[in-house]
Each structure stands twice: as structure tokens, then as C-alpha cells.
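Only one structure is covered here, and it is reproduced in the block below.
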Amino acid sequence: MDIQALRAEQLQRAAEVVRHDDFDVMPPRLIGGADVGFEQGGDVTRAAMIILEYPSLKLIEYKVARIATIMPYIPGFLSFREYPALLAAWELLEQKPDLLFVDGHGISHPRRLGVASHFGMLVDVPTIGVAKRRLCGRFEPLDEEPGSQQPLMDKGEKIGWVWRSKKRCNPLFVSTGHRVSIDTALQWVQNCMAGYRLPEPTRWADAVASERTAFLRWQEG
DNA sequence: GCGACAG
DNA sequence: ATCTTGTCGC
């Protein structure tokens with residue numbers, strides 16, 4: 001793979017990312033969650049795509065796609081490693097979501113094209129990036145209280161929000177993926193909470209992609 | 001040169 | 001991401 005070529009592609013695509021609200025459906029009735037996991041020691045990439053009904057937040061569909069891993073993990077180039085499997089899972093969905101939560105960053109990326117933005121553009125769907133750790137940017141320390149937030153800044157630009165979703169838990173990094181503003185992205189993440197650190201779309205996608213016991217148990221009943 | 005570095 | 005049990009704290 002040619003990292004320089006991928007870097008150039010990121011810069012080109014980043015210029016096309018829509019950072020303002022551009023929903024077709026408001027409020028969204030179907031909200032999706034996407035995440036990726038690995039098998040066979042990393043040789044197989046497994047993508048999970050789940051659909052929740054809003055505002056009930058009930059799981060109404062989930063699909064899993066498996067493909068051969070094509071690229072190693074390189075910080076800043078995660079989307080190239082994960083989008084092929086995500087596309088495969090997306091094609092399997094019987095219903096497409098009005099808004100999609102992607103596990104990972106959106107524009108809070110060195111070149112403003114994290115996996116949430118990249119994938120959102122590929123399928124032209126509004127996306128929000130929800131990451132568990134920082135990739136770039138700086139932020140002031142957050143208060144201990146849940147709900148505290150701080151803007152994530154990079155090179156003089158606000159690229160997302162650092163938000164403490166739950167007591168004594170590390171904060172989440174929320175950013176625009178595609179067709180959703182930074183503030184609206186945080187608003188929808190907050191609208192999809194159910195008592196856990198992660199919002200429901202991301203939590204379910206993570207459970208399905210990693211075959212968590214919570215999901216396996218749910219799958220039976 | 002040194003440290004940072006989504007999943 | 002993944003390999004993995006118990007364990008400390010609310």
C-alpha cells in the first residue's frame with residue numbers, strides 16, 4: 001500500500017465532507033450503529049451493522065459481514081482497513097438507517113477524515129463518530145460530574161466534543177462524521193443513552209462485532 | 001530528534 | 001483490535 005497516496009486521497013475526500021446538518025428525516029426513525037472486530041488472529045475482518053428504532057432504542061435488525069483483512073492498522077488510516085467490511089455489512093441491511101453511529105472518529109482526525117466521515121461519504125448517509133480515545137487535538141480537563149464536556153481543538157479548529165457520558169468513566173470523543181454538525185452529533189449521542197458509557201447504537205454494534213456475551217444472550221431470547 | 005498514535 | 005481472572009470501587 002502507498003501511504004502517501006492514501007494521505008492524498010484523505011485530503012481530497014476531507015474537502016467533500018458535509019459538516020452541517022443535512023437530514024432527510026428529522027427526527028431520525030432508524031438509527032444505526034457500526035463497528036468492526038477481527039478473527040483468525042486478524043486475518044478476517046468482521047463488521048457489524050445494527051439498526052435501532054428511535055426513540056424506543058429497540059434493536060430491530062443486525063447484520064454481520066466477514067472479509068479477508070486487507071491492511072494492517074496504521075494510526076490515521078483506520079478507515080482504509082475497515083471500510084470494505086463495513087460496506088459489505090451495509091449491503092446486507094434490509095433497512096437503511098437515517099443516521100449512523102460509527103465506532104471511531106469523524107473529522108477529529110489529523111486530516112479530517114476518520115472512519116465515520118469516510119464511510120459516511122461512501123454510502124452518502126449522515127454519520128457521527130463516537131470514539132473511546134483521542135487521536136488528535138487537545139482539550140481542557142473535564143469535571144468529574146457526568147455530562148461535563150470540553151471542545152476538542154486542533155490547529156485552532158473545533159473538531160469535536162469530549163463528553164463524560166457516565167460517572168467515573170473516561171469521556172467519549174464525539175465528532176461530525178458526515179452531514180451532521182458537531183453540536184447536533186453530540187445531541188444525538190445524548191439522545192441515545194441508556195445508562196452505559198456508550199450510546200446504544202455503538203454499544204450494540206460493539207457487542208455484535210465482538211460477539212459479547214450480552215449479545216449472544218440476547219440472541220437466544 | 002522525541003513522543004503520540006481511533007481500532 | 002485481541003489475548004484474559006480476578007479484583008477494587010461505587
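Chain naming here is simple, since letters A, B, ... match the order of the sequence lines and numbering starts at 1 in each. Given the structure is predicted, the values throughout are model-derived calculations rather than measurements. Side chains are part of it too, since the values below use all heavy atoms of this structure and drop only hydrogens, waters and symmetry mates.
Residue-level contact check: A:Phe80 touches neither bases nor backbone, having no heavy atom under 4.0 Å from any strand. Residue A:Lys132 is in sugar-phosphate contact alone, with no base atom involved, counting any heavy-atom pair closer than 4.0 Å across all strands shown. Contact annotation for A:Gly76: base contact, defined as any heavy-atom pair under 4.0 Å involving a base atom. When heavy atoms are screened at a 4.0 angstrom cut-off, A:Gly114 is found touching base atoms of the nucleic acid.
When rounded to the nearest whole Å, the span between CZ of A:Arg111 and P of B:dC5 equals 15 Å. When rounded to the nearest whole Å, the span between OH of A:Tyr83 and C1' of C:dA1 equals 20 Å. What separates CG of A:Leu198 from P of B:dA6 is a distance of 16 Å, to the nearest Å. One interatomic measurement links the two molecules: CG of A:Asp43 to P of C:dT2, which rounds to 14 Å at whole-angstrom precision. What separates CZ of A:Phe173 from C1' of B:dG7 is a distance of 14 Å, to the nearest Å. The NZ-P distance, from A:Lys166 to C:dG9, rounds to 18 Å in whole Å. Atom-to-atom, CD of A:Glu145 to C1' of C:dC10 comes out at 17 Å; the value is rounded to the nearest Å. Remark: P of B:dA6 and CZ of A:Arg134 are 9 Å apart, rounded to the nearest angstrom.
Listed pair A:Arg46 / C:dT2 meets the phosphate criterion, a side-chain N or O lying under 4.0 Å from OP1 or OP2. For B:dC5, the OP1/OP2 oxygens have no side-chain nitrogen or oxygen of A:Arg133 closer than 4.0 Å. Contact annotation: A:Arg168 does not reach the phosphate of C:dC10 (side-chain N/O to OP1 or OP2, under 4.0 Å). Side-chain N/O atoms of A:Ser210 include one lying less than 4.0 angstrom from OP1 or OP2 on C:dT2.
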Residues 98-108 of chain A, side-chain donor-acceptor partners within the protein, below 3.5 Å, at least two apart:
unit_1   : atom_1 : unit_2   : atom_2 : d
A:Asp98  : OD2    : A:Arg29  : N      : 3.0
A:Asp98  : OD2    : A:Leu30  : N      : 2.9
A:Asp103 : OD1    : A:Lys132 : NZ     : 3.2
A:Asp103 : OD2    : A:Lys132 : NZ     : 2.8
A:His105 : NE2    : A:Arg133 : O      : 3.2
A:Ser108 : OG     : A:Ser175 : OG     : 3.1

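Considering only the side chain of A:Val115, B:dA6 comes nearest among B:dA6, C:dC10, B:dG7.
Stacking annotation: A:Tyr73 is stacked on the base of B:dG7 (ring centroids less than 5.5 angstrom apart, interplanar angle below 30 degrees).
The aromatic rings of A:Tyr83 and A:His118 lie tilted to each other, with the angle between the two planes from 30° to 60°.
For the residue pair A:Trp204/A:Asp35, the side-chain donor-acceptor check at 3.5 Å is not satisfied.
Remark: A:Arg203 is positioned above the aromatic ring of A:Tyr196, its terminal NZ or CZ atom under 6.0 angstrom from the ring centre and at most 45 degrees off the axis.
By the neighbour-count criterion of 12 heavy atoms within 6.0 Å, atom CD of A:Gln40 is sparsely surrounded, having that number or fewer from other residues, nucleotides or ligands.
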